[in-house]
Amino acid sequence: MDSQEAQTPGGIVHTYQRYDPVNFPSPTAPPPDVVSPMMEHMLEFGDLDDFTEEQLANAIRLDASQIANLGPSINALKEMLLERKRKILATYETGAAQKAAAKAFRDAAQQVTPPKKLAGDFRRAVKDEQIADLETLYFREGNDSSPFARALVPLVERLGDKYQVDELAGKYAFTGREKMSVPTALEVKEELEAIDELLKQLDEAKKTAQLAIIDMEQLEKFAEPGDIEGLQALQQQIEDYIKEQAEKQGLEGDGAGKFRLTPKALRLFQSKILTQIFSDMQASRTGRHPDAVQGEGAVESPKTKPYEFGDSVSQMDIPASMVNALLRAGPGLPVRMKPDDILIHRTRVNPKAATCVLLDMSGSMRYDGQYVNVKRMGLALDGLIRSEYPGDFLQFIEMYTFAKPRHVSEIAGLMPKPVTIFSPVVRLKQDMSNPNASEFRIPHHFTNIQHALQTARRFLTNQDTPNKQVVLITDGLPTAHFEGSTVFMLYPPDPRTEEATMREALLCARDGITINIFLLQNWNQSHEDVQFAYRMAQATKGRVVFTAGRELDRFVVWDYIKRRKQIVSG
């Protein structure tokens, strides 16, 4: 061993199969976010049936600068394509092809004999060289097998060729002298456009490492086989890396090119939403609340007080109490402690909060994708409570013509109910106690706030805490309600429904439940919508918050934190 080797602290410890930290993203680089693209797809469409491995690869952006040989490989292919393009432009001229295409169109037009009633319009269409006008004449003829109709078909084709050749001449700067026929000009145009599209794909792939966007079959027509094989190998390596990251982040493949989301992926997406929300907070104004809650009950404070009869010894400050005993009696064994020596930690009550979130999934929530914002908010709020307030109670309730309790795992799959009645006035009712009645036969796109509040009240009255609230997220007035076992669906919104909803709100107030309403903006929102929301919130000492849909998650999370702080300090 030479002296240089002896001074070297280490060498190659291990070589990882199919993973080269020099030629692939460094282990220190942040991994790509593979969960968010799938979750956003799930939020928008309600399932992952149409989400494939290819879509996942296309949605993920890697740091291409960390992939050795990616840039050089793509640059070499770009130079090859650009050289091919330069040779074509330096070889041909387009004047002869333009003249030939124009002559072919005029000659074809002279062979057409239009009916007398269409002759004037035909001459005008030929003079103006308008394909749309010629197609209109074809339909006006009314007989596909007539000589005029059959003659129009090749005439439109000749005019289309003229369009293509003229576009070729205007789009590219040819400097050569070799004349082209019309078919040759069309082939050259197709080749140049294919080269331009490939150059665009290569530029994008160089930025994002999304090699899947490159049309390899088209590229094979221009590149050497070795270049294509190298690029395909690099693409396979990137795809393997993405699959590896997908498994680490909680995505499970089904072996058939599809993925499914696991609870781990859901928690990761929730944390990303919360990170984005809290990054928007101004530290000088709101800021993230300082202390996470670990369970429920009394929380010890560093401050102490002398022991009083009735204090629990579980909160005793043992070190300080022992010091007091030693100072009083002096050193020696055994240490005899008296009540006056004992110090007790002061405590503060950290009560639970119980919340029911009513998610409007009625038909109107499909406008502007409001339902996506509602679901994203639900996931963010669940993530906040799980991480910061694990002792709190949270229940989601889907609200449409009926109200259904939903687990957080079901939130991403909820979708607004399709509108099945388009009459401007609807007056329907159904006795649900009838054995022949079925929810599946009843229109689901109405908004039943009363039933949702009633369902929330059943959950909240069983919670052992005085801090109970309903978070109602909707975009307007209720259009459905129950009277006994009969559900009424009334549109436009009817005072009868409003009264039933207000009665349920007052029952919530009687049980100490506050209703906070987040009123989403909608194209048909009226003054009556706003006033009804105010009345219901005031009846339960709650509030109305106006928010744009895309900011709903931030408003609800901030509001929850603010309310939680008030509970603790109150």
Side-chain angles (χ1 to χ4, degrees), residues 43-44 46 270 273 277 353-385 394-408 410-417 444-457 459-460 468-480 493 501 504-505 508 513-525 529-530 532-537 540 542-563:
L43 291 176
E44 184 172 358
Q270 289 175 320
I273 298 177
I277 291 173
T355 302
C356 278
V357 181
L358 313 188
L359 307 173
D360 191 345
M361 286 292 146
S362 62
S364 61
M365 295 301 291
R366 70 186 187 277
Y367 294 113
D368 298 325
Q370 295 278 36
Y371 68 97
V372 176
N373 300 310
V374 171
K375 294 193 289 184
R376 186 180 289 109
M377 177 282 308
L379 295 176
L381 185 59
D382 179 77
L384 171 75
I385 291 176
L394 177 64
Q395 175 65 49
F396 293 103
I397 296 174
E398 181 187 13
M399 179 175 67
Y400 50 106
T401 303
F402 302 96
K404 298 294 180 183
R406 298 297 183 189
H407 188 266
V408 64
E410 301 177 278
I411 298 301
L414 299 181
M415 293 294 289
K417 301 302 178 279
H444 282 181
H445 59 270
F446 294 88
T447 308
N448 196 335
I449 298 177
Q450 178 246 5
H451 191 209
L453 289 175
Q454 186 182 73
T455 305
R457 189 161 57 87
F459 279 101
L460 293 176
K468 304 172 185 177
Q469 70 165 338
V470 166
V471 175
L472 170 59
I473 300 167
T474 186
D475 61 350
L477 289 170
T479 53
T501 306
E504 189 59 44
C508 289
I513 301 171
T514 300
I515 300 176
N516 292 316
I517 303 171
F518 288 81
L519 197 59
L520 298 171
Q521 296 177 357
N522 201 340
W523 63 273
N524 64 347
Q525 198 169 80
D529 296 316
V530 176
F532 177 76
Y534 271 125
R535 291 198 305 272
M536 188 160 54
T540 61
R543 288 161 295 113
V544 178
V545 180
F546 298 91
T547 175
R550 64 181 179 274
E551 296 180 334
L552 177 63
D553 51 2
R554 181 163 59 92
F555 275 98
V556 173
V557 167
W558 288 7
D559 186 78
Y560 190 89
I561 292 173
K562 180 180 178 182
R563 174 175 170 79

Excluding sequence neighbours, so at least two apart, what forms side-chain contact (heavy atoms from CB on, under 4.5 Å) with [X]?
X	result
Ala537	Ile517, Val544
Asp382	Gln270, Arg386, Leu394, Phe396, Val408
Arg366	Pro416, Val419

Look up atom [atom1] in [X] and atom [atom2] in [Y], then write down how far apart they are to the nearest 0.5 Å.
X	Y	atom1	atom2	value
Leu43	Ile411	CG	CD1	10.5 Å
Leu358	Thr455	CG	OG1	8.5 Å
His451	Met399	NE2	CE	12.0 Å
Ile473	Asn373	CD1	CG	10.5 Å
Ile449	Gln454	CD1	CD	14.0 Å
Asp529	Leu520	CG	CG	11.5 Å

ask   = So do Val545 and Asn516 actually touch side chain to side chain, heavy atoms under 4.5 Å?
value = no
ask   = Do Pro478 and Gln450 come close enough that some side-chain heavy atom pair is under 4.5 Å?
value = no
request  = Begin with the C-alpha distance, continue with both residues' side-chain angles, and end with the deciding distance and a verdict on side chain to side chain contact (heavy atoms under 4.5 Å, CB included) for Asp559 and Phe518.
outcome  = CA-CA 10 Å; Asp559 186 78; Phe518 288 81; 3.9 Å; yes
Just jot down the side chain to side chain donor-acceptor pair (under 3.5 Å) partners of [X], sequence neighbours excluded, or say none.
X	answer
Glu398	Arg406, Lys417
Lys404	Glu439
Thr355	Gln469
Asp360	Ser362, Thr474

query = Can you list the residues that meet the ring-ring contact (aromatic ring centres under 6.0 Å, His included) rule with Tyr560, with sequence neighbours excluded?
reply = Tyr389
[X] versus [Y], closest heavy-atom pair with distance:
X	Y	result
Cys356	Ala456	CB-CB, 3.7 Å
Thr540	Ile515	OG1-N, 3.0 Å
Phe532	Leu477	CB-CD2, 3.3 Å
Leu472	Met536	CD2-CE, 3.5 Å
Ala403	Ile397	CB-CG2, 4.0 Å
His444	Tyr400	O-CB, 3.2 Å

ask   = Is there a donor-acceptor pair under 3.5 Å between the side chain of Gln370 and the backbone N or O of Tyr367?
value = no
query = Is a side-chain N or O of Thr479 found less than 3.5 angstrom from the main chain of Thr447, in a donor-acceptor match?
reply = yes
ask   = Which residue pairs satisfy the salt bridge (Lys or Arg N to Asp or Glu O under 4.0 Å) criterion with at least one member in residues 370-380, sequence neighbours excluded?
value = Glu40-Arg376
ask   = Step by step, would you call Leu552 with Val374 a side chain to side chain contact (heavy atoms under 4.5 Å, CB included)?
value = CA-CA 7 Å; Leu552 177 63; Val374 171; 3.9 Å; yes
